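Beneath this line is the structure, given in structure tokens, with notes to follow.
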Number of protein chains: 2
Amino acid sequence: MRLLKNNTSSKTNCDLSHCFLCSNSLPGWQSLIGANRKNLRYKKGATIFNEGEEANGMYFIYSGIVKVHRRWGNQKELIIRFGKAGDMLGYRGLGDEKKYTVSATAIEPVVICYVELAFFESLLQINHSLTYQLMQCYANELQNAEKKMSNLVHMNVKARVADTLLALQSQFGKSKEGNIDIALSRQDIAAFTGTTYETLFRTMQEFIQDKLIKISGKKIFVLKEKKLAELTQVQ
Amino acid sequence: MRLLKNNTSSKTNCDLSHCFLCSNSLPGWQSLIGANRKNLRYKKGATIFNEGEEANGMYFIYSGIVKVHRRWGNQKELIIRFGKAGDMLGYRGLGDEKKYTVSATAIEPVVICYVELAFFESLLQINHSLTYQLMQCYANELQNAEKKMSNLVHMNVKARVADTLLALQSQFGKSKEGNIDIALSRQDIAAFTGTTYETLFRTMQEFIQDKLIKISGKKIFVLKEKKLAELTQVQ
DNA sequence: TCAAAAACATGATATAAATCATACTTTTGC
DNA sequence: GCAAAAGTATGATTTATATCATGTTTTTGA
């Protein structure tokens, strides 16, 4: 998926060129898209949509970070993935069931480009290339999901935490300071790893002891990437 | 996905009308497809493709049952899903990486309709509806994968076994006798549930004791579907 | 700006499920 | 048709990880 330059002012509207939808449509269609899209703003912690709700539209992230997650009971959750500028949300609604099967929550202020499902589907009918790109995007997501599924069953927590940190660094990159360029609560890191806060905490302490990582508040520095990668391999 | 009538003679070739590829193409194209497809046969236990291998083509199941799985080390595996007549394999190869990220193995004799990836991709370029159907198929698979991922983290083994049995019955239906219409080894059921053979065995014994299911060899009879379904709910 | 809530930090304890061990039975290939 | 391999069956033991409990610090919003 496409990356966006670092224009995260929450005042900005989508410029009709960077999101998944626009970048996969011919320039001539942008006025049509512009006329049918809404810009939505969410503050940190706000729900974008909830699992079980009627799927009404497609959400294209213009700026900010979103977690895509599933809840269990009212204390447990699994974070399936994080979405950032250029990513798409809600498209699972295209399946047989027109309901969201996951939830999406802003973990920092987010600007969304939103279109109604009916409009999006009509775009797919006339824009072959958009459908093809969407299909490609799914193929990748499926691979990720299948890999994650397998990791959850086969890897122990230590390996999964190592994998999580490397995945976060790969998706969000490093800041100039050198830390992974995303600020997550330990709770969210645990939910992304598929473990509890306490176990995540202890595992990270172990990594700090072993000098594999370094921590300063919410800033995480990967010190020994190779060692972490080794931990994720079958022993 | 589409179901096929019970014509499982391994001598039969695909009739160019039932598989995912043919049923989503206009009749006029069938001669083109016929000229480019190969019919492949696999016996029980045979590997169709292996994770890590170069992705060379698309596989459409004409008859038989296939497991799609990922290995870990050389003793552990997770079965991601089962495929039957009308289903498709190998399409993950369309993602960024042109390698299979999962393995596919025949668990009973299988007849496959095979086309080269290049041919399939050219079909996608000219057949908009095929691309759209493929995309829809992915959307469903993604929902399944995300649900399974969440189940693996949140549900205990008992709930997962109940879920597995219901899922198998829903996918493969019941025979006239009333058992789930697929013969799997306990090992495979365990791998699909994401647990070990021993734990699966004990859990099934518990279900038999509680009269939720009944067993005769590889035939599994679901006696109390509702009770099993309750076990899968958050308590 | 102050109270309440969320997040962070850690030790102690419980337990679900994996692992190990062993024997019997069925299937498969030569 | 028989040997080897795969699958089935079950008890005993270990262990990784969740759960519980409690206190501190930070963030948030009224």
Side-chain angles (χ1 to χ4, degrees), chain A residues 43-46 67 72-79 105-109 151-162 164 182-209 213 215-220 231 234-235, chain B residues 42-47 67 72-79 105-109 151-162 164 182-209 213 215-220 231 234-235:
Chain A
K43 39 188 142 171
K44 184 174 172 179
K67 65 174 172 179
W72 184 256
N74 61 352
Q75 293 301 351
K76 291 181 181 183
E77 70 164 340
L78 173 71
I79 295 178
T105 304
I107 60 170
E108 52 177 64
N151 288 351
L152 285 168
V153 174
H154 296 315
M155 287 179 169
N156 60 24
V157 169
K158 201 167 156 180
R160 295 211 305 277
V161 173
T164 289
I182 182 179
L184 291 172
S185 72
R186 304 290 141 95
Q187 190 54 254
D188 276 345
I189 300 177
F192 188 48
T193 307
T195 187
T196 57
Y197 164 80
E198 293 95 324
T199 301
L200 174 94
F201 174 81
R202 286 181 245 275
T203 308
M204 286 189 74
Q205 288 305 314
E206 200 184 328
F207 286 173
I208 293 168
Q209 230 79 95
I213 64 172
I215 276 182
S216 157
K218 291 202 167 145
K219 292 178 187 166
I220 301 173
L231 285 177
V234 58
Q235 57 300 62
Chain B
Y42 299 87
K43 39 188 143 171
K44 186 175 169 177
T47 297
K67 66 174 172 181
W72 185 257
N74 59 353
Q75 294 299 352
K76 291 183 181 180
E77 71 165 338
L78 172 71
I79 295 178
T105 303
I107 61 170
E108 53 176 62
N151 288 351
L152 285 167
V153 174
H154 296 314
M155 287 180 170
N156 60 25
V157 169
K158 201 167 159 181
R160 295 212 305 276
V161 173
T164 289
I182 183 178
L184 292 172
S185 72
R186 304 291 141 95
Q187 189 53 253
D188 276 346
I189 301 178
F192 188 48
T193 307
T195 186
T196 58
Y197 165 78
E198 293 94 323
T199 301
L200 174 95
F201 175 81
R202 285 182 246 274
T203 308
M204 286 188 75
Q205 289 304 315
E206 200 184 329
F207 286 173
I208 293 169
Q209 231 79 95
I213 64 171
I215 276 182
S216 157
K218 290 200 169 150
K219 293 179 187 163
I220 301 173
L231 284 177
V234 57
Q235 58 302 58

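Note that the coordinates shown come from a computational prediction; the quantities given were computed from them, not determined experimentally. Protein chains get the first letters and strands the later ones, always in sequence-line order, with residue 1 at the start of each.
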>> Please identify the 5'-most and 3'-most nucleotides of DNA chain D with any atom under 4.0 angstrom from a heavy atom of chain A.
In response: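 For DNA chain D, the relevant span reads dT17(D) to dT28(D).
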
Closest non-hydrogen atom pair between [X] and [Y], with its separation:
X	Y	answer
Q187(A)	Y197(A)	NE2-CB, 3.7 Å
A162(A)	L231(A)	CB-CB, 4.1 Å
K67(A)	E77(A)	NZ-OE2, 3.1 Å
R186(A)	L200(A)	O-CD2, 3.4 Å
I79(A)	F192(A)	O-CD1, 3.3 Å
I107(A)	K44(A)	O-CG, 3.5 Å

>> Tell me the interatomic distance from L152(B), atom CG, to dA18(C), atom P, rounded to whole angstroms.
In response: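 Between P of dA18(C) and CG of L152(B): 11 Å.
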
> To the nearest angstrom, how far is M155(B) atom CE from dA16(C) atom C1'?
Replying inline: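 So the CE-C1' distance, M155(B) to dA16(C), works out to 16 Å.
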
May I ask you to say what [X] touches in the nucleic acid, namely base, sugar-phosphate or nothing, with a heavy-atom cut-off under 4.0 Å?
X	answer
K44(B)	sugar-phosphate
K43(A)	nothing
K218(A)	sugar-phosphate

>> Closer than 3.5 angstrom, by distance alone: can the side chain of R160(B) be matched with the main-chain N or O of T193(B) as a donor-acceptor pair?
In response: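 At least one qualifying donor-acceptor pair exists.
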
> Under 3.5 Å, is there a donor-acceptor pair between the side chain of S185(A) and the main chain of D188(A)?
Replying inline: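 Judged by distance alone, yes, a pair lies under 3.5 Å.
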
> Residues from residues 184-193 of chain A sitting under 4.0 Å of DNA chain C, heavy atoms only?
Replying inline: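 By residue number: S185(A), R186(A), Q187(A).
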
> Which of residues 195-205 of chain B sit near DNA chain C, with a heavy atom under 4.0 Å from it?
Replying inline: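 Only T195(B), T196(B), E198(B), T199(B), R202(B) qualify.
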
>> Would K76(B) and V234(A) count as a side-chain contact (heavy atoms from CB on, under 4.5 Å) here? Give the steps.
In response: CA-CA 11 Å; K76(B) 291 183 181 180; V234(A) 58; over 6 Å; no

>> Working to the nearest 0.5 angstrom, can you tell me the gap between I213(B) CD1 and T203(B) OG1?
In response: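 Answer for the CD1-OG1 pair, I213(B) versus T203(B), is 9.5 Å.
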
>> Return the CD1 to CD1 distance between I189(B) and I182(B), rounded to the nearest 0.5 Å.
In response: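 Output value for this atom pair is 8.5 Å.
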
